[in-house]
There are 2 protein chains.
Amino acid sequence: MINIAIIGYGNLGRGVEKAIKKNNDMTLVGIFTRRQPETVTAETAKVYSMDDLFIMKDDIDVCILCGGSATDLPKQTPELTEQFNTIDSFDTHANIPTHFDRVNKVAKQKETVSIISIGWDPGLFSVNRLYAESILPDGETLTFWGKGVSQGHSDALRRLDGVQDAIQYTIPNDAIIERLKTGESLDLTTRDKHTRECYIVLEEGADETRIREQIVTMPNYFDEYDTTIHVISQEELEKNHKQKMPHGGKVLRVGQTSAENKEVYDFSLALDSNPEFTASTLVAYARAAARLAKEERFGAYTIFDIAPSYISPFSADELRQRLL
Amino acid sequence: MINIAIIGYGNLGRGVEKAIKKNNDMTLVGIFTRRQPETVTAETAKVYSMDDLFIMKDDIDVCILCGGSATDLPKQTPELTEQFNTIDSFDTHANIPTHFDRVNKVAKQKETVSIISIGWDPGLFSVNRLYAESILPDGETLTFWGKGVSQGHSDALRRLDGVQDAIQYTIPNDAIIERLKTGESLDLTTRDKHTRECYIVLEEGADETRIREQIVTMPNYFDEYDTTIHVISQEELEKNHKQKMPHGGKVLRVGQTSAENKEVYDFSLALDSNPEFTASTLVAYARAAARLAKEERFGAYTIFDIAPSYISPFSADELRQRLL
């Protein structure tokens, strides 16, 4: 059994708690929080304060860090890696090299294992970009995101006079994707690649025509996109657009293997729950962290560095027989 | 530079010759054949007899074995692995465990590296089945093949009276795929998962109505499938259906991360040239074989055992910066 500690209990931590239940080679030791433990109600796990983490050190194989990338993880991952094997979903792309170097230094020194930036992007999308370009060196990779909520665009809608509430989905532009798959060479910016779908709730007496016009002409946010607007009730918004946190996207590479032949590599995710899927990925890679630690291969890793068999509970023999 | 030898020069060997040109950290030492070298015309490479392979041993880092799985590779891979690092596309799924064990024994003994069963299925499809089920343990994986030519079904069409020539494509059933993606639980056989598309050339005076009826009612081959039939000329068949060897398919896993949320994992390939894509995969993994040999990690490997970064010419630093 692999003994897991969850550090932090927001959406991601809750996802990890659920994911561990799906893996019967894993035990959840507990949830560790900086809040007062008695104020945190977990689904079924015990909640402890962060101070207890160090006391319970010998019972824990891997800490799954569920904090945010802005302030939590840059500090927490190196600190906890001093005493624990760790895994995080650090996703500030530009700062990954620095984060890696800091964690790697600690892990080598303290003889622990840390796997950073696990999830779907960075994570599964990254490894697909790597497979795709290594196998098809003559080609281009494009990443599309969505269908998923964009917080920034939702906020921009909510700031409009007469808009009571709103949610905005970013949606990959299927027409562009189909053209790319036929081998057409397109010079695309991020905005060409996506369309935008808005669900808005109007205040009483608001001028719908004016608001629609304001949205589709809003500079940077909507003016250069194909934008559709749905006016709905607050109840509908709560029920259909605030319960779930869907997301997903696509890594697409079209490459030429010869002058005559192009090959299309397409990896897509359609997620009902962004945090639950990210959590499931973290849990699978926690298994890899435990194995690497057992093999005394100390240091920091990313998804690129880990043989796929390390994330499976099955033996190499079983995998060859059943999945190859 | 990594020095590659191509063993065998059919469609796959020709694809490897093309793929090596796309990778500027690789040199093609030559093509080695059991035929008379002077009867084989390569695109640009030198052609040698198999006897020369052993003489040129010191100039070769990896042999890419391009023979067939039925009779060539079961013999050739263990034999050549006695003296060389090797890679093959052995694809008889049921015999992979035996093949692996035999090659592994030789490689460990003789201190070489061999990577077996590389391509897209087995290969990329296999590794996607592994990633998908490890991350989403509560779910089901389905593999679809096509659009691609089925030789057996094409032959069945050609055997019909009045049919001069024919090609049959197996096509994944998109309606079924869409239903699966919505989370519907379907009990499917291989035949539910695919539709069939026939291009036939009729002999002069042949009874088209009778032949169409014979095709759609043909037991096992077509009767239980959605089958479309296109009658075309021999010229069209030659031009549009015999020049290329398209194939591809999809690995689909729908998994529950909680009672409320399902996640859809979808890996798809659409290939103009099945052999050229398989060849490109072999060449990328030849890079991994060369590295593993340099690290003296001798033995046999499959795609499951190899960290993705090993197939890239870029350093770990560059990969983290650019692709993570």
Side-chain angles (χ1 to χ4, degrees), chain A residues 15 18-19 22-23 93 96-97 100 117 122 124 126-131 133-138 181 243-244 248 255 257-258 260-273 276-277 279-281 284 287 302-309 311-313 316-317 319-321 323-324, chain B residues 15 18-19 22-23 93 96-97 100 117 122 124 126-131 133-138 181 243-244 248 255 257-258 260-273 276-277 279-281 284 287 302-309 311-313 316-317 319-321 323-324:
Chain A
K18 290 190 176 85
K22 304 275 187 189
N23 289 278
H93 288 261
I96 286 174
F100 180 88
S117 299
L124 280 179
S126 322
V127 84
N128 274 282
R129 288 188 284 261
L130 173 56
Y131 278 120
E133 76 160 34
S134 304
I135 290 165
L136 297 170
D138 179 7
K181 285 186 180 176
Q243 299 300 311
K244 297 214 172 189
T257 47
S258 62
E260 301 78 32
N261 294 317
K262 62 160 202 329
E263 323 297 347
V264 179
Y265 180 112
D266 176 348
F267 176 74
S268 303
L269 293 172
L271 310 173
D272 277 356
S273 170
E276 286 183 15
F277 186 80
S280 298
T281 311
R287 183 177 289 121
T302 73
I303 197 166
F304 298 151
D305 312 313
I306 293 173
S309 62
I311 71 169
S312 172
D317 273 348
L319 292 177
R320 280 192 296 274
Q321 195 143 24
L323 295 183
L324 200 66
Chain B
K18 289 191 176 84
K22 304 274 188 191
N23 289 278
H93 289 261
I96 286 174
F100 180 88
S117 299
L124 281 179
S126 322
V127 84
N128 274 282
R129 288 188 284 261
L130 173 56
Y131 278 120
E133 77 160 34
S134 304
I135 291 165
L136 298 170
D138 178 7
K181 284 186 180 178
Q243 298 301 312
K244 298 213 171 190
T257 48
S258 62
E260 301 78 33
N261 295 316
K262 62 159 201 330
E263 324 296 348
V264 179
Y265 179 112
D266 177 348
F267 176 73
S268 303
L269 293 172
L271 310 174
D272 276 355
S273 170
E276 286 183 14
F277 186 81
S280 298
T281 311
R287 183 177 289 120
T302 75
I303 197 166
F304 298 151
D305 311 313
I306 293 173
S309 61
I311 71 168
S312 173
D317 274 347
L319 293 177
R320 280 193 296 272
Q321 195 143 25
L323 295 182
L324 199 66

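The chains referred to below are lettered A, B, ... by the order of the sequence lines, with proteins before strands, and numbering in each begins at 1.
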Quick one: what part of A/Lys22 sits under 4.5 Å from any heavy atom of chain B, side chain, backbone, both or neither? both
Most chain B-contacting option - heavy-atom pairs closer than 4.5 Å, from A/Ala316, A/Ser312, A/Ala307: A/Ala307
Would a 4.5 Å heavy-atom cut-off, applied to side chains only, mark B/Leu124 and A/Ile135 as touching? yes
Using non-hydrogen atoms and a 4.5 Å limit, figure out which bit of A/Phe267 sits close to chain B: side chain, backbone, both or neither. both
Residue part contacting chain A, namely of B/Thr302, when any heavy atom lies under 4.5 Å: side chain
What closest approach, in Å, do A/Ser273 and B/Asn261 show between heavy atoms, and which atom pair accounts for it? CB-ND2, 3.4 Å
To the closest 0.5 Å, what do you measure between CD (B/Glu276) and CD (A/Glu260)? 7.0 Å
Please list, chain by chain and in numerical order, all residues satisfying side-chain contact (heavy atoms from CB on, under 4.5 Å) with A/Ser268, sequence neighbours excluded. A/Lys250, A/Asp266, B/Asp266
For chain B, the option from A/Pro313, A/Ser280, A/Ala284, A/Pro122 that forms the most heavy-atom pairs under 4.5 Å: A/Ser280
At a 4.5 Å cut-off on heavy atoms, which part of A/Gln243 comes close to chain B: side chain, backbone, both, or neither? neither
Residue pair A/Pro308 / B/Tyr131: nearest heavy atoms and the distance that separates them: CG-OH, 3.5 Å
What is the distance from atom OG of A/Ser309 to atom CD1 of B/Ile306, rounded to the nearest 0.5 Å? 10.0 Å
Just how far is it from atom CG of A/Asn128 to atom CG of B/Leu323, taken to the nearest 0.5 Å? 11.0 Å
Hey, could you give me the CZ/CG distance between A/Arg129 and B/Leu324, rounded to the nearest 0.5 Å? 7.5 Å
How many angstroms lie between atom CZ of A/Phe277 and atom OG1 of B/Thr257, to the nearest 0.5 angstrom? 9.0 Å
Could you tell me which non-hydrogen atom of A/Pro137 sits nearest to which non-hydrogen atom of B/Asn23, and how far apart they are? CG-OD1, 3.6 Å
Top contributor to chain B interface from A/Leu130, A/Val127, A/Ile303, A/Leu269 [non-hydrogen pairs under 4.5 Å]: A/Leu130
Of the listed A/Arg287, A/His93, A/Glu133, the one with the largest count of heavy-atom pairs under 4.5 Å with chain B is A/Glu133
Could you grab the distance from atom NZ of A/Lys18 to atom CG of B/Asp138, nearest 0.5 Å is fine? 13.5 Å
Which atoms of A/Leu136 come close to chain B, meaning under 4.5 Å heavy atom to heavy atom: side chain ones, backbone ones, both, or neither? side chain
Heavy-atom proximity to chain A below 4.5 Å, by part of B/Phe100: side chain
